[in-house]
**Student:** 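Dropping the structure in here first, questions after.
What you see is a predicted model; the values in this text were computed from it and never measured. Just so it is clear: chains get the letters A, B, ... in the order the sequence lines come, proteins before strands, and each one is counted from 1.
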There are 4 protein chains.
Amino acid sequence: MIIIMQTQATPEQVRAVEDEIQRIGLRPFINPGVERKVIAVLGALDAKKADLVEHFYSFPGVERVDLISHLWKLASREYHPEDSIVEVAGLKVGAGRVIIAAGPCSVESEAQMVEIAIKVKESGAHMLRGGAFKPRTSPYAFQGLGEEGLKILTKARQVTELPVVTEVMDSHEVDLVAKYADLLQIGTRNMQNYPLLKKVGATSHPVLLKRGQGCKIRDLLMSAEYIIAEGNANVILCERGITTFEDSTRSTTDINAVPVLKHWTHLPVMVDPSHATGDWRYVTSVSKAAVAAGADGLLVEVHNDPPRALSDGPQSLRPEKFDTLMSQVRRVAEAVDRSV
Amino acid sequence: MIIIMQTQATPEQVRAVEDEIQRIGLRPFINPGVERKVIAVLGALDAKKADLVEHFYSFPGVERVDLISHLWKLASREYHPEDSIVEVAGLKVGAGRVIIAAGPCSVESEAQMVEIAIKVKESGAHMLRGGAFKPRTSPYAFQGLGEEGLKILTKARQVTELPVVTEVMDSHEVDLVAKYADLLQIGTRNMQNYPLLKKVGATSHPVLLKRGQGCKIRDLLMSAEYIIAEGNANVILCERGITTFEDSTRSTTDINAVPVLKHWTHLPVMVDPSHATGDWRYVTSVSKAAVAAGADGLLVEVHNDPPRALSDGPQSLRPEKFDTLMSQVRRVAEAVDRSV
Amino acid sequence: MIIIMQTQATPEQVRAVEDEIQRIGLRPFINPGVERKVIAVLGALDAKKADLVEHFYSFPGVERVDLISHLWKLASREYHPEDSIVEVAGLKVGAGRVIIAAGPCSVESEAQMVEIAIKVKESGAHMLRGGAFKPRTSPYAFQGLGEEGLKILTKARQVTELPVVTEVMDSHEVDLVAKYADLLQIGTRNMQNYPLLKKVGATSHPVLLKRGQGCKIRDLLMSAEYIIAEGNANVILCERGITTFEDSTRSTTDINAVPVLKHWTHLPVMVDPSHATGDWRYVTSVSKAAVAAGADGLLVEVHNDPPRALSDGPQSLRPEKFDTLMSQVRRVAEAVDRSV
Amino acid sequence: MIIIMQTQATPEQVRAVEDEIQRIGLRPFINPGVERKVIAVLGALDAKKADLVEHFYSFPGVERVDLISHLWKLASREYHPEDSIVEVAGLKVGAGRVIIAAGPCSVESEAQMVEIAIKVKESGAHMLRGGAFKPRTSPYAFQGLGEEGLKILTKARQVTELPVVTEVMDSHEVDLVAKYADLLQIGTRNMQNYPLLKKVGATSHPVLLKRGQGCKIRDLLMSAEYIIAEGNANVILCERGITTFEDSTRSTTDINAVPVLKHWTHLPVMVDPSHATGDWRYVTSVSKAAVAAGADGLLVEVHNDPPRALSDGPQSLRPEKFDTLMSQVRRVAEAVDRSV
């Protein structure tokens, strides 16, 4: 940690900061700057740095406190250089093969879910996605079938033998959803719902953690750290688009996030091009981009009849378009020495 | 609702949209555009529009679907022209007087909380703020005292007779927090935690709903709609800064949101300049701006010893600075025909 | 154009809008909405719509004015469905082959420029990039060699027979730069420098128009429209990253912009992964993503000695890394049925 | 400057950085970090730091280079603690009185301009604004009257004796506009048009520098530095809204920018609530906020007949509404110990 004093800071103010550093058991180290003093703080435990930044910033005469290291540790590649592989019902995510999860936004009926599940399996998908508990911006929009939806997902899994990823929205529903799901999804609106993160962290279930639309990559990693710190290291990260001033698409896919995450963390990284664009016309293009950039997997919304979908119809692909996507993505994956 | 067809849409595609509009019991109305067809949809219930936009956008030949009206109704000023007044333990928010809630970010100890409470009351604050359950970006940062903190808040309320606002982070803690708090705060990270919104909506407790950092004003109003739709109309909105590319402050205070919200909704609007700037040096200036813009209240972080604060020290004012803030804000409030 | 009246609009206000529509020679068409009136305006010339939106929005009782069509016409794919091909000194951009322009951020010396030029040609680049007039955020940073730099570029072109792209920053330097450059670059800071756009529009030189960091895709197309409206249709668009709240990279590559632009316009689209990430470690990954998404070309910064570069060293690749990039990009291009 | 090495940096890489620091005549100072080395660079000239950050970031083993001081110097309050006062035709900006510039977006005719000028003077405005050269997003929108508009502005000045602020868009029009204008406006699209900044910097005319919509506060100060470095210290900064994800207003007024700029620079700060909201309904509210926050002046669009305005009608106030704004702003100004 580096404490940068104001140019006008008095010797007493510098001294007070030094004393405080020593009082809490750390070592101050003063850089002999010409214009201003810069104090390095040596010996701080990573786990304490978040609090210490704020602590020292409040001292009179302090201009800024900068961290030298990131605040996450368990999620950091610096302490865990090799890639992590997360197993989802026997399927390895992060092990070279690009994993494609496909299915409808919402589970609507058994007939719909099973039909789509069979179709996406035929096209080569490795996992089923489908929402039973749906976080919808409007209270008047379809809210999902709840446990009934989870049972339908189980049925689709039986028929296709594909593992299932589905969202859990509330800490007291974790046990319920975990009974049915192979991979627990934390949605974008809940990336910083810490009671929920702690609860899934207390299970050994694999977790798909979606980035909050207004959250930095570093905050995504801090949320992953919450889960791992509770004992569950089976975390897959998911870039799903961020809010920006650009309004031609629902979100802006932060494609840079793929190599940045690969640089900063050992956790697998998936991309959700359906939510990140909000428009089926752009999904195939962005899917190929994500795989080319190095993503370990994709989440793609597929619906047998988008105009009749109860949610997210505009961004859902018909099965035949998904089939095209799969064949195109497969070629791109091979071009970057991976398979699908 | 207006459905805009692509210029190349075929007559069959236009017909299919018209047929669907009629099939679901609504009336299509075609505008004779030269370049393309535009179809107005008449008769849709507000409560169904969110789903219908997505529904029609998925039809072949559709370029765009635009809503003519907002998706919120209970929160809308169009259906409720007069200002709502929300009562918090006898204190009226939205009734002309600018309500100031002040106190530390986190409740740390009874001595600290009571001391600050007495100080802010002396300066004229109307409400106490203080966090017992703390949502922290880092799992290693101080997480709050939990129920112990709630009890301390109660003690501070007894001493000062000021009502208390504090955050509830999880749906199954609503009953617990509601036992102690006069005003339930939904924090920025939970603005779209719908199970939590529904749960507070099922109580009759007044709710302070903070805007998500990455959420549009329209999303804030949809979240308010969730609470009101459950039967609880005692909602106060709070602008607390949004994430933008500007990095000299922790967030960007969206001051425009004050008049926009006043135009769109009848609900009271507060502003939190402490989080919206993240820097105590800017809090007084932005507090005055918020009141001048028409805010019904402020949330201000005050700490007796910011460098020793367990959270948010950098943005906390010392009691003497808060006293100055109060006297300055009072003058601005009078200049816009309000009182403090 | 659609004019949406307020719910409380009076019949007189609706009438005034109708009268004005007729007064200026257009036809009003009223939709019989239940809650509010919606008036379609028929017959407006595209070229006038920008002014008309503002015009009608100012009428009392008007809530909103929405455009049905985009404001650009010459750049629109609706009126020009087939892809445009822009020729740069015989090189076809937008014709299937992915065009790679490579070279240093700034031209620093003949030795440097020629050495890099030879290297990037050996790796398969099709065009040289290099700045002679440099727009630098700081007035104290290296500002480029000016005309001397242009002469050096010419030398590098002679040696390698590769065409040259370089930036022009001011309308009165267009003629000078056009004497030396094969492709005139309008930089991100000048995307809305309309005198400059008009000036390059008055030449027949091909133009590379970079997106402004804070500008929407629709604004990029309006700026292209400025150039084309002056008579010069040889416009190549370039996505180079936008400013967002994410701060782990210098900009956020808007990868969605590639398919959106391909949907909206017939103009070729290039991507600049060097500026869009600001970090050489991420350039190769994002280059592959851009090509997979459908970009017609890349602009890549290459420097023989990044630590000694006078600008943009951090985002420059060494020639050997660029060579790797080329071989990887070539494979991705083939996977999407293109060549390099 | 602080150079932060990667945890895996080798002793040779650390040595290479140290050597380079000494080679260019500066002093390295190594902090004995446990996890990684942090090297302070002592003795660098401010004017060179922008280049040096990039220089060292390109060295192998370097994780990050952080600046300790800001890159601007002439604009910095650290070197010039007292407020600067800029004189515009005898009117002092930054001297306590809040200066209000008012008038139409575009000069349309002498009758219009003079009528509005007389009206705003009656309401107490101190300066006239009006555009002769208009930067419009669409090439088909009204582009301004050019020199004819400047002559009309002169006429309005003669009638009212109010100084005139108007925009200059191109470096070779600076002399022309300077003949007529008392205050040269650099518009938001040209904040980083460096040839233009240098040209106005070479005059002694006062300059109103508007913030680019996608530009950080630090970039605004770097652009001011360009002007001052050329010898012209008569710079007034103007916050006019930034682009964010919020779309209920045209831009987001960055009200935080007022106290941040007051902290970082000695230059006067104005706010343009008309462009920052894009909606006349919000202009008065945000005007009061700006003055309460500490702005030294306002730019307000006023039009005698907004629906007939050739540009920016939606955000223009009618003279009677402007009169109300003035009386309200006057009261707020007094509440913060200023006058209007």
Side-chain angles (χ1 to χ4, degrees), chain B residues 70 211-221 239 241-264 271 273 276-295 327-337, chain D residues 70 211-221 239 241-264 271 273 276-295 327-337:
Chain B
H70 294 306
R211 179 178 181 185
Q213 302 176 47
C215 295
K216 296 181 185 184
I217 294 174
R218 59 188 82 241
D219 294 332
L220 173 62
L221 287 170
E239 161 64 30
I242 57 175
T243 53
T244 72
F245 63 82
E246 178 54 47
D247 58 5
S248 67
T249 47
R250 197 155 88 168
S251 301
T252 296
T253 312
D254 182 3
I255 196 78
N256 292 358
V258 176
V260 170
L261 284 168
K262 287 287 168 192
H263 180 58
W264 280 357
V271 172
T277 61
D279 194 321
W280 66 267
R281 293 176 291 197
Y282 309 137
V283 167
T284 302
S285 169
V286 174
S287 293
K288 290 185 277 186
V291 171
S327 64
Q328 294 189 2
V329 162
R330 191 171 287 119
R331 291 178 62 197
V332 172
E334 285 160 7
V336 294
D337 292 325
Chain D
H70 294 306
R211 180 178 180 184
Q213 301 177 47
C215 295
K216 296 181 185 182
I217 294 173
R218 59 188 82 241
D219 294 332
L220 172 62
L221 287 170
E239 161 64 30
I242 57 174
T243 54
T244 72
F245 62 82
E246 177 54 48
D247 57 5
S248 66
T249 46
R250 198 155 88 169
S251 301
T252 296
T253 311
D254 182 3
I255 197 76
N256 293 358
V258 176
V260 171
L261 284 168
K262 286 288 168 191
H263 181 58
W264 280 358
V271 172
T277 61
D279 193 320
W280 66 267
R281 293 177 290 198
Y282 309 137
V283 168
T284 302
S285 169
V286 174
S287 293
K288 289 186 278 186
V291 171
S327 63
Q328 295 189 2
V329 162
R330 191 171 288 117
R331 292 178 61 197
V332 172
E334 286 161 7
V336 293
D337 292 325

**Student:** Determine the minimum heavy-atom distance between Thr243(B) and Phe245(D), stating which atoms define it.
**Tutor:**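 Minimum heavy-atom separation between Thr243(B) and Phe245(D): O-CE2, 3.4 Å.
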**Student:** If you count heavy-atom pairs under 4.5 Å with chain D, which of Ala289(B), Ala290(B), Ala333(B), Pro273(B) comes out on top?
**Tutor:**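 If we count pairs closer than 4.5 Å to chain D, Ala289(B) comes out on top.
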**Student:** Looking at chain D, which one of Asp219(B), Thr253(B), Val258(B), Asp254(B) has the largest number of heavy-atom pairs inside 4.5 Å, strictly under?
**Tutor:**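 Among the listed options, the one with the most contacts to chain D is Thr253(B).
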**Student:** Does any heavy atom of chain D fall under 4.5 Å from the side chain of Ala276(B), the backbone, both, or neither of them?
**Tutor:**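 Contact with chain D is through the backbone of Ala276(B) alone.
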**Student:** Using non-hydrogen atoms only, which part of Arg211(D) is less than 4.5 Å away from chain B: side chain, backbone, both, or neither?
**Tutor:**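 Only the side chain of Arg211(D) comes within 4.5 Å of chain B.
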**Student:** Between Thr249(D) and chain B, with a heavy-atom cut-off of 4.5 Å, which part of the residue counts as in contact: side chain, backbone, both or neither?
**Tutor:**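 Only the side chain of Thr249(D) comes within 4.5 Å of chain B.
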**Student:** Given a strict heavy-atom distance threshold of 4.5 Å, which part of Val286(D) is in contact with chain B: side chain, backbone, both, or neither?
**Tutor:**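 Just the side chain, heavy atoms under 4.5 Å.
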**Student:** I'd like to know whether Gln328(D) forms a side-chain contact (heavy atoms from CB on, under 4.5 Å) with Val336(B), so could you lay out the CA-CA distance, the side-chain angles of the two residues, the decisive distance to 0.1 Å, and finally the verdict.
**Tutor:** CA-CA 7 Å; Gln328(D) 295 189 2; Val336(B) 294; over 6 Å; no
**Student:** Donor-acceptor pair, distance only, cut-off 3.5 Å: does the side chain of Arg281(D) make one with the backbone of His263(B)?
**Tutor:**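 Not at all, since once roles are kept as given, no pair shorter than 3.5 Å links the two residues.
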**Student:** By a 4.5 Å heavy-atom criterion (distance strictly below it), what part of Thr244(D) contacts chain B: side chain, backbone, both, or neither?
**Tutor:**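 The side chain, not the backbone.
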**Student:** Under 3.5 Å, is there a donor-acceptor pair between the side chain of Glu246(B) and the main chain of Ile217(D)?
**Tutor:**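 Indeed, once roles are kept as given, a pair shorter than 3.5 Å links the two residues.
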**Student:** Among Asp279(D), Val291(D), Asp247(D), Thr284(D), which residue forms the greatest number of heavy-atom pairs with chain B at distances under 4.5 Å?
**Tutor:**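 Between Asp279(D), Val291(D), Asp247(D), Thr284(D), the count favours Asp247(D).
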**Student:** Is the backbone of Ser251(B) close enough, under 3.5 Å, to the side chain of Asn256(D) for a donor and an acceptor to pair up by distance?
**Tutor:**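 Present.
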**Student:** With rounding to the nearest 0.5 angstrom, report the OG to NZ distance, Ser248(D) to Lys216(B).
**Tutor:**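 Ser248(D) atom OG to Lys216(B) atom NZ measures 9.5 Å (nearest 0.5 Å).
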**Student:** Heavy atoms only: give me the nearest Ala292(B)-Lys288(D) pair and the separation to one decimal.
**Tutor:**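 Taking every non-hydrogen atom into account, CB-O, 3.5 Å.
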**Student:** Please look at Asp337(D) and chain B and tell me whether the side chain, the backbone, both or neither of the residue comes under 4.5 angstrom of a heavy atom of that chain.
**Tutor:**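 Both parts, heavy atoms under 4.5 Å.
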